[in-house]
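Below is one structure, written out as C-alpha cells; the observations come after it.
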There are 2 protein chains.
Amino acid sequence: MTAATPKGERRRQALVEAAAGLLVDGGFDAVRHRAVAERAGLPLASTTYYFDSLDDLVTAALEFHGRAELEYGKARLAELDPEECGGEAFIDLVLDLLLGPPAGDRDAEAVLLRYERLVATGRRPYLRPLMRKLSGELHGLLLDIFTHAGQPVGQERVEELIALVDGAVVNALIEISPDPRAAARRMLAKAMGLR
Amino acid sequence: MTAATPKGERRRQALVEAAAGLLVDGGFDAVRHRAVAERAGLPLASTTYYFDSLDDLVTAALEFHGRAELEYGKARLAELDPEECGGEAFIDLVLDLLLGPPAGDRDAEAVLLRYERLVATGRRPYLRPLMRKLSGELHGLLLDIFTHAGQPVGQERVEELIALVDGAVVNALIEISPDPRAAARRMLAKAMGLR
DNA sequence: AGTAATCTGGCACAACCGTACCAAATTACT
DNA sequence: AGTAATTTGGTACGGTTGTGCCAGATTACT
C-alpha cells in the first residue's frame with residue numbers, strides 16, 4: 001500500500017527510516033512491526049497500513065539503506081583527485097565503497113550487516129531483484145572509480161577484487177576480535193601489488 | 001548437561017543429529033526445541049534436559065556437522081592420487097572441501113548453509129571458538145592437500161584462495177538462479193592459472 | 001533389595017510474533 | 001458544506017517461541 005497524502009507519505013518514510021535503522025543496528029531479525037513502530041513513534045497498526053507485509057517493509061528498508069550508500073559512493077567519486085590514487089588512500093576508498101565508511105569501534109558490526117544482507121538473500125528470494133540491482137550499480141561505480149583513478153580494469157578484474165574483499169571479510173568474522181576491514185585491506189593491497 | 005547413562009548418551013546423540021539435520025535443511029532458524037524433539041522422535045523436554053539452552057544445542061549440532069565434514073575431507077586426502085592433480089579434478093577437490101560435496105539440484109541450498117554459518121558467527125559470539133577451531137583444521141587440511149598434490153603453497157596463498165572462493169560464493173547468492181559452486185570454480189580456475 | 005541418582009514426558013507460562021479488525025478522526029475533493 | 005476517501009490507533013486473535021516445573025518411570029549403585 002502506498003500513501004496518498006503528504007502527511008501519509010511522511011509517515012511512511014518515517015517507518016522506512018526506522019526500519020533501516022533497526023536493520024543497521026540489529027540485522028534483519030530486528031526489523032519487526034512493533035519495533036519499527038516504536039522507533040518511528042507511531043502506532044503498531046501504521047506498519048500494516050502502509051506495508052502489505054513485513055517483507056514489504058524489509059524490502060523498503062533495504063532499498064533505502066542501499067540507495068543511501070550508493071549516493072555516498074557517488075559523492076566519493078565526484079570528489080576524487082586522480083593525482084593521489086596510487087597508494088593506500090585509493091585502497092581505503094575502494095574499501096569504503098565495498099564495506100561502507102569506517103564506523104570506528106562499531107565497524108565490525110556495520111560490516112557484518114552488509115554480509116548478512118548478502119547471505120540472507122539466499123533464504124529470501126524476494127530480496128534478490130533488489131540486491132541484484134544495488135549490487136550491479138555498485139559494480140558500475142567501482143569500474144568508474146578505477147577508470148578515474150587512471151587504473152582502468154575490466155569487469156572480470158573488478159569482480160575478482162570484490163570477491164577477494166568479500167571472502168576476506170567473511171573469514172575475518174570468526175576471529176575473537178573481528179576486524180574485517182583490516183583483513184580485507186591486507187588482501188586488497190597484496191592483490192593490487194602494493195607493499 | 002551431559003548424559004550419564006548409555007541410553008541417555010544415545011538419546012543425546014539422537015538430538016544432536018536431529019539438530020544437525022535441521023541445520024542443513026533449514027539453517028539456524030530451523031533449529032528449535034520442538035522441531036529437534038519431533039525429528040528425533042523424543043519429547044520436547046528431552047531437549048532442555050540434555051542441553052542447558054538452545055545455544056548449547058546449536059553449538060553441538062554445528063560441531064557434529066563440522067566434524068563430519070572434516071572427516072570427509074580427510075578421506076578425500078587419503079585417497080588422493082598425486083598423478084592426476086594438475087587440472088580440473090583438483091579444482092573440484094578443493095571446491096568439495098570448501099563447499100562440501102556437490103548436492104545436485106540442492107547444491108545452492110547446501111552451500112548457502114555454510115555461509116550462513118560463517119556470517120551467523122558474527123551475531124553469535126558463542127559460536128566463534130568452535131568456528132575458529134573447525135576453520136583452522138580446514139585450512140590445515142587444504143595445506144596438506146596442496147602439498148600432496150605437488151603444488152606446495154604457503155599459508156597466505158591458501159587464505160587468498162579461500163577468500164576468493166568465499167567471495168565468489170557470496171556474490172553468486174544474489175543471482176536469480178544461484179549456482180555458487182560454478183562461480184567459485186570459475187574464480188579458482190583463473191587464480192590457479194588454468195584454462 | 002533398597003536407596004539414590006538419573007531420566008522421562010506431559011503440561012503450563014509468559015513473551016513474542018504477524019496480522020486482521022474497526023470505530024473514530026482526519027483529509028481530500030466537488 | 002458535505003460526501004467520500006484516507007488515515008489513525010487501540011485492541012484482539014491465533015500461533016510459536018524458550019524454558020520452567022514436577023510427578024512418575026527407569027536406571028545405577030551398595
Side-chain angles (χ1 to χ4, degrees), chain A residues 1-23 25-64 116 120 123-127, chain B residues 1-63 116 120 123-127:
Chain A
M1 179 94 71
T2 65
T5 197
K7 180 181 168 188
E9 188 53 50
R10 251 180 288 126
R11 274 193 155 214
R12 200 189 128 99
Q13 186 62 21
L15 289 173
V16 170
E17 291 178 25
L22 287 167
L23 196 59
D25 288 354
F28 280 105
D29 289 350
V31 184
R32 312 282 177 173
H33 283 121
R34 287 167 179 80
V36 171
E38 191 172 354
R39 181 157 176 153
L42 293 175
L44 166 62
S46 65
T47 59
T48 61
Y49 180 76
Y50 287 108
F51 300 90
D52 288 336
S53 70
L54 190 63
D55 289 353
D56 261 24
L57 185 47
V58 168
T59 305
L62 182 56
E63 175 147 30
F64 177 79
E116 279 185 334
R123 296 254 178 232
R124 306 177 201 218
Y126 69 92
L127 287 180
Chain B
M1 183 94 70
T2 65
T5 198
K7 182 180 168 189
E9 189 52 51
R10 251 180 289 126
R11 273 192 156 212
R12 200 189 129 99
Q13 187 61 20
L15 289 173
V16 170
E17 292 179 24
L22 287 167
L23 195 60
V24 173
D25 288 355
F28 281 104
D29 288 350
V31 183
R32 311 283 181 178
H33 283 122
R34 285 165 180 81
V36 171
E38 191 171 356
R39 182 156 175 154
L42 294 175
L44 167 62
S46 66
T47 60
T48 61
Y49 181 74
Y50 287 107
F51 300 91
D52 288 335
S53 70
L54 190 61
D55 290 353
D56 260 24
L57 185 46
V58 167
T59 305
L62 182 57
E63 175 147 30
E116 279 185 333
R123 296 253 178 232
R124 304 174 203 222
Y126 68 90
L127 288 180

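In what follows, every chain begins at residue 1, and chains take the letters A, B, ... in the order their sequences are listed.
Between B:L42 atom CG and C:dG10 atom C1' there is a gap of 14 Å when expressed in whole angstrom units. Counting to the nearest Å, the C1' atom of C:dT19 and the CG atom of A:D52 are 12 Å from each other. Look at CD on A:E38: it is 15 Å from P on D:dG9, rounded to the nearest Å. Rounded to whole angstrom, the span from the OH atom of A:Y49 across to the P atom of D:dG10 amounts to 17 Å. A straight line from NZ of A:K7 to C1' of C:dA28 spans 13 Å, rounded to a whole angstrom. Rounded to whole Å, the distance from CG on B:L44 to C1' on D:dG18 is 9 Å. Between the CZ atom of A:R32 and the P atom of C:dG18 there is a distance of 5 Å, given to the nearest Å. B:R10 has its CZ atom 12 Å from the C1' atom of D:dT27, to the nearest Å.
You'll find that the side chain of B:A45 is closest to D:dC21, out of C:dT27, D:dG18, D:dC21. Nearest to the side chain of A:R11, among C:dT8, C:dG18, D:dT7, sits D:dT7. The side chain of B:T5 has C:dT6 as its nearest neighbour among C:dT6, C:dT8, C:dG18.
Residue A:T48 places none of its side-chain N or O atoms closer than 4.0 Å to OP1 or OP2 of C:dT19. The side chain of A:H33 places an N or O atom within less than 4.0 Å of a non-bridging phosphate oxygen (OP1 or OP2) of C:dT19. Between B:Y50 and C:dT8, a side-chain N or O to OP1/OP2 separation shorter than 4.0 Å is present.
Side-chain contact between B:L62 and B:R124 is absent, with no heavy-atom pair separated by less than 4.5 Å. A:T59 is not listed as a side-chain neighbour of A:F51, based on a closest heavy-atom distance of 4.5 Å or more. The shortest side-chain heavy-atom distance between A:L127 and A:F28 falls under the 4.5 Å cut-off.
If you run side chain to side chain contact (heavy atoms under 4.5 Å, CB included) between B:Y50 and each of B:R12, B:Q13, B:E9, only B:R12 comes through.
Once rounded to the nearest 0.5 Å, the distance linking CG of A:L57 with CG of A:L23 reads 10.0 Å.
Residue-level contact check: B:S53 touches the backbone only, with heavy atoms under 4.0 Å from sugar-phosphate atoms and none from bases.
Each of B:E9 and B:R34 lies near DNA chain C, and the nucleotide nearest B:E9 is the one positioned closer to the 5' end.
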